[in-house]
Amino acid sequence: MSKVRVRFAPSPTGSLHIGSARTALFNYLFARHMGGVFVLRIEDTDMKRSLREHEHSISRDLHWLGLTADEGPDVGGPWGPYRQSERSHLYEEGVQRLLAEGHAYLCFCSQERLDDVKKAQLARGEMPKYDRQCLSLSAEEVESRLAAGEQATVRFKVPPGQIEYQDMIRGHLSFASDVIGDFIIKRTDGGFSYNYAVVIDDMGMRITHVIRGEDHVTNTARQLLLFRALGEEPPTYAHHSMIHAPDGGKLSKRHGATSIGEFRDLGYLPEAMVNYLALLAWHPGDERELFRLPELVEAFTMERVSKSPAIFDIDKLNWLNGVYMRELSPGRLYSQVEPFLHEADMHLEPGQREVVAAAIQSNLVTLADAPTYAEVFTADVDLKDSPHLAALREPGVTQVFSLLEEALAQFYDEYLSVEDGRAVVRMVAGACKEHGIKGRSIYLPLRVALTGRNEGAELYYLVAGLGRSRVLARLEAARAYL
RNA sequence: GCCCCCAUCGUCUAGCGGCCUAGGACAUCGCCCUUUCAAGGCGACGGCGGGGAUUCGAAUUCCCCUGGGGGCACCA
């Protein structure tokens with residue numbers, strides 16, 4: 001059996017959508033699992049809407065997800081070029097062959113006539129399809145109209161019969177070919193249609209498995225017919241379901257983020273995206289839920305891809321994002337979170353970075369939440385704005401403040417490690433116990449004095465991450481409210 | 001209108017004729033841990049769209065209905 005070759009074939013008319021990203025993921029997983037090759041092909045036949053800028057952003061997003069292609073416009077490969085816009089000669093060759101062998105014919109119908117025919121068919125309740133007006137044109141007439149400078153398209157002559165194939169996900173699929181009209185394969189502007197170009201490319205790039213969205217199932221019939229006419233063996237197809245919005249409809253901007261780039265900007269980790277997208281239509285067969293890319297490669301099989309559409313659920317993505325953020329070491333978490341802090345004009349001292357990262361780690365849903373939780377470590381606090389001052393008026397608080405000052409005096413560095421922070425708080429608590437000072441005079445009062453708030457990270461994180469001078473200054477300021 | 005696909009908790013899903021009193025995860029709620037917020041642990045709530053048929057037996061097979069989605073371009 002020949003080596004598996006799959007392709008992900010986006011058209012560069014926008015950024016990478018999460019639906020396309022999942023298609024790319026399934027292609028990647030199948031290829032890697034089978035020890036095959038993952039090809040990236042750019043479908044830029046529509047010159048009007050295709051932008052090189054979009055191609056780059058798609059590549060960047062794929063790379064961010066870890067879905068690197070083995071062959072493609074950036075890395076090359078033996079069956080290129082990998083942009084449809086650079087493959088015109090191959091398409092032309094095929095068109096000439098189809099024309100010569102009677103599988104295609106020239107059509108001179110105007111757009112207006114085509115629209116009228118379609119309208120009439122729709123009115124009669126028929127499936128709209130080309131009425132084959134130009135199929136019966138004589139060679140002489142074609143010749144003379146061409147000579148007269150008339151514009152023509154090339155249409156594929158759809159043969160009668162039944163089209164059947166085995167879909168890896170959907171099983172046996174069958175279409176009557178008379179429901180599809182003679183479709184255009186070459187446009188008047190000289191460009192080639194999607195359904196045709198795809199066949200020439202899948203053929204030329206030796207693609208063995210086509211894994212794509214369900215929106216392509218009816219295209220498959222056309223493509224299969226083309227393969228047959230060209231005398232080539234078609235690839236095996238697998239059509240996965242689509243991603244729906246929470247209301248069951250199409251996923252659109254009004255439901256929030258829809259592109260991979262947006263999710264990245266919102267502070268989601270690629271691990272979470274990959275894991276979530278995989279789980280959206282695939283199941284490992286056991287009860288595991290957490291999968292990084294290599295584990296997915298290992299476990300992925302097409303048999304376990306679901307047929308039914310899935311609704312995008314931000315809550316589960318959020319949960320996964322939290323899981324992966326909590327797995328990061330404080331240092332790595334800080335570097336992930338740094339751009340978001342800077343974006344919020346928040347700059348942490350080197351000495352406090354890891355402490356702060358550790359302090360806020362369990363609060364984060366996305367990296368973008370970091371400034372909200374880290375703010376307490378950098379912002380100035382004016383206690384007179386605090387609604388929690390009553391907490392300071394517990395017996396013994398003055399003494400507690402002094403005990404903290406004393407404990408802190410044993411350290412020289414401005415910022416303490418989490419461990420030293422813990423030790424300081426332990427010292428204070430121990431001394432308080434000796435002096436008979438109760439907990440309610442310790443924890444809340446200190447928290448309010450240091451932050452003005454009544455909730456937040458553990459006290460030892462605050463002590464360590466705030467830094468000696470800030471802690472001492474705030475205790476001093478808080479004395480005015482005792 | 002015509003063609004194709006899909007259908008288990010709110011959501012993602014397990015289930016491929018008896019292991020189902022339908023399992024897991026997210027969300028929700030409760031308890032525990034924590035003198036705070038989270039995180040974490042434990043638990044609760046919650047589902048086979050409807051109707052026929054096959055079978056000793058159906059969430060699982062078949063048919064119809066209903067609902068949802070996709071397609072029907074000189075777009076990809």
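Each chain gets a letter, A, B and so on, in the order its sequence line appears, and its residues count up from 1. Not measured: the values here are computed from a predicted model.
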Grab the N/O contacts between the protein and nucleotides 70-74 of chain B below 3.5 Å, and write none if there aren't any.
residue	atom	partner	partner atom	Å
B:rG70	OP1	A:Lys250	NZ	3.2
B:rG71	O2'	A:Thr218	OG1	2.6
B:rC72	O2'	A:Pro128	O	3.0
B:rC74	O2	A:Thr188	N	2.9
B:rC74	O2	A:Thr188	OG1	2.6
B:rC74	N3	A:Thr188	OG1	3.0
B:rC74	N4	A:Cys109	O	3.4

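The pairing partner recorded for B:rA59 is none, the criterion being a Watson-Crick or G-U wobble arrangement whose two distances lie under 3.5 angstrom. Using Watson-Crick or G-U wobble geometry with both donor-acceptor distances under 3.5 Å, B:rA14 finds no partner in any strand shown. Pairing of B:rG67, defined by two Watson-Crick or G-U wobble distances under 3.5 Å, is identified with B:rC6. Under the Watson-Crick and G-U wobble criteria, each requiring two contacts below 3.5 Å, nucleotide B:rC29 is paired to B:rG43.
Using a 4.0 Å heavy-atom criterion, one finds that A:Tyr443 contacts the bases of the nucleic acid, with or without backbone contacts as well. Residue A:Asn195 is in base contact, counting any heavy-atom pair closer than 4.0 Å across all strands shown. When heavy atoms are screened at a 4.0 angstrom cut-off, A:Ile180 is found touching no nucleic acid atom at all. Residue A:Ala197 is classed as having no contact, given no heavy-atom separation below 4.0 Å to the nucleic acid. Contacts of A:Gly456 with the nucleic acid, taken as non-hydrogen atoms under 4.0 Å apart, include base atoms. A:Arg41 comes within 4.0 angstrom of nothing in the nucleic acid, heavy atoms only. Here A:Asp315 lies in heavy-atom contact (under 4.0 Å) with sugar-phosphate atoms only. At the heavy-atom level, A:Ser174 lies under 4.0 Å from the strands shown only through sugar-phosphate atoms. Note on A:Ser306: only backbone sugar-phosphate atoms sit closer than 4.0 angstrom, heavy atoms only; bases stay farther off.
Inspection of the A:Tyr194 and A:Asn219 side chains reveals no N or O donor paired with an N or O acceptor under 3.5 Å. The closest side-chain donor-acceptor pair between A:Glu214 and A:His240, if any, does not fall under 3.5 angstrom.
Atoms CD1 (A:Ile18) and C1' (B:rC12) sit 14 Å apart, rounded to a whole Å. Rounded to whole angstrom, the span from the CD1 atom of A:Ile311 across to the P atom of B:rC9 amounts to 10 Å. Remark: P of B:rA25 and CZ of A:Arg288 are 15 Å apart, rounded to the nearest angstrom. Spacing between atom OH of A:Tyr324 and atom P of B:rC26 amounts to 13 Å, rounded to whole angstrom units. For the pair A:Glu458 CD and B:rC33 P, the interatomic distance rounds to 15 Å; values are reported in whole Å. Between A:Glu394 atom CD and B:rU36 atom P there is a gap of 14 Å when expressed in whole angstrom units. The CD1 atom of A:Ile169 sits 20 Å away from the P atom of B:rC16 (whole-angstrom rounding). The separation between A:Ile314 atom CD1 and B:rA27 atom C1' is 13 Å, rounded to whole Å.
Closest to the A:Trp319 side chain, of the nucleotides B:rA27, B:rU13, B:rC5, is B:rA27.
Counting all heavy atoms, side chain and backbone alike, A:Val217 lies closest to A:Phe175 at O-CZ, 3.7 Å.
Remark: the separation of the C1' atoms in B:rG43 and B:rA27 is 16 Å, to the nearest Å. Nucleotides B:rG46 and B:rC2, compared at atom P, are 42 Å apart to the nearest Å. Comparing B:rA76 with B:rC72, their P atoms sit 12 Å apart, to the nearest whole Å. Straight-line distance between the C1' atoms of B:rU8 and B:rA59: roughly 7 Å, to the nearest whole Å. Nucleotides B:rU11 and B:rC33, compared at atom C1', are 29 Å apart to the nearest Å. Rounded to whole Å, the C1' atom of B:rU13 lies 13 Å from the corresponding atom of B:rA7. B:rA25 and B:rG47: their C1' atoms are spaced 15 Å apart (whole Å). Atom C1' of B:rC9 sits at a distance of 16 Å from the matching atom of B:rU21, rounded to the whole Å.
Both A:Thr13 and A:Pro246 lie near RNA chain B, and the one whose nearest nucleotide falls closer to the 5' end is A:Pro246. Nucleotides of RNA chain B nearest to A:Arg440 and A:Arg22 differ in position, and the one nearer the 5' end is that of A:Arg22.
Taking 4.0 Å as the cut-off between side-chain N and carboxylate O, A:Arg87 and A:Glu92 do not count as a salt-bridged pair.
The main-chain N or O of A:Asp313 is found under 3.5 Å from a side-chain atom of A:Tyr276 such that the two form a donor-acceptor pair. In this structure a side-chain-to-backbone donor-acceptor pair under 3.5 Å is missing from A:Asn275 to A:Arg292.
Dashed line: the shortest gap from a side-chain N or O of A:Arg326 to OP1 or OP2 of B:rG40 is under 4.0 Å.
Residue-to-nucleotide contacts include no donor-acceptor pair under 3.5 Å from the side chain of A:Asp313 to the base of B:rC12. Taking only distance into account, the side chain of A:Ser11 never meets the base of B:rA76 through a donor-acceptor pair shorter than 3.5 Å.
Note: A:Tyr268 and A:Phe263 have perpendicular aromatic rings, judged against thresholds of 30 and 60 degrees for the angle between ring planes.
By the neighbour-count criterion of 12 heavy atoms within 6.0 Å, atom NZ of A:Lys129 is densely surrounded, having more than that number from other residues, nucleotides or ligands.
For the pair A:Arg155 and A:Tyr130, the cation-pi criterion (under 6.0 Å, within 45° of the ring axis) is fulfilled.
A 4.5 Å side-chain heavy-atom check between A:Tyr334 and A:Val356 finds every atom pair outside the cut-off.
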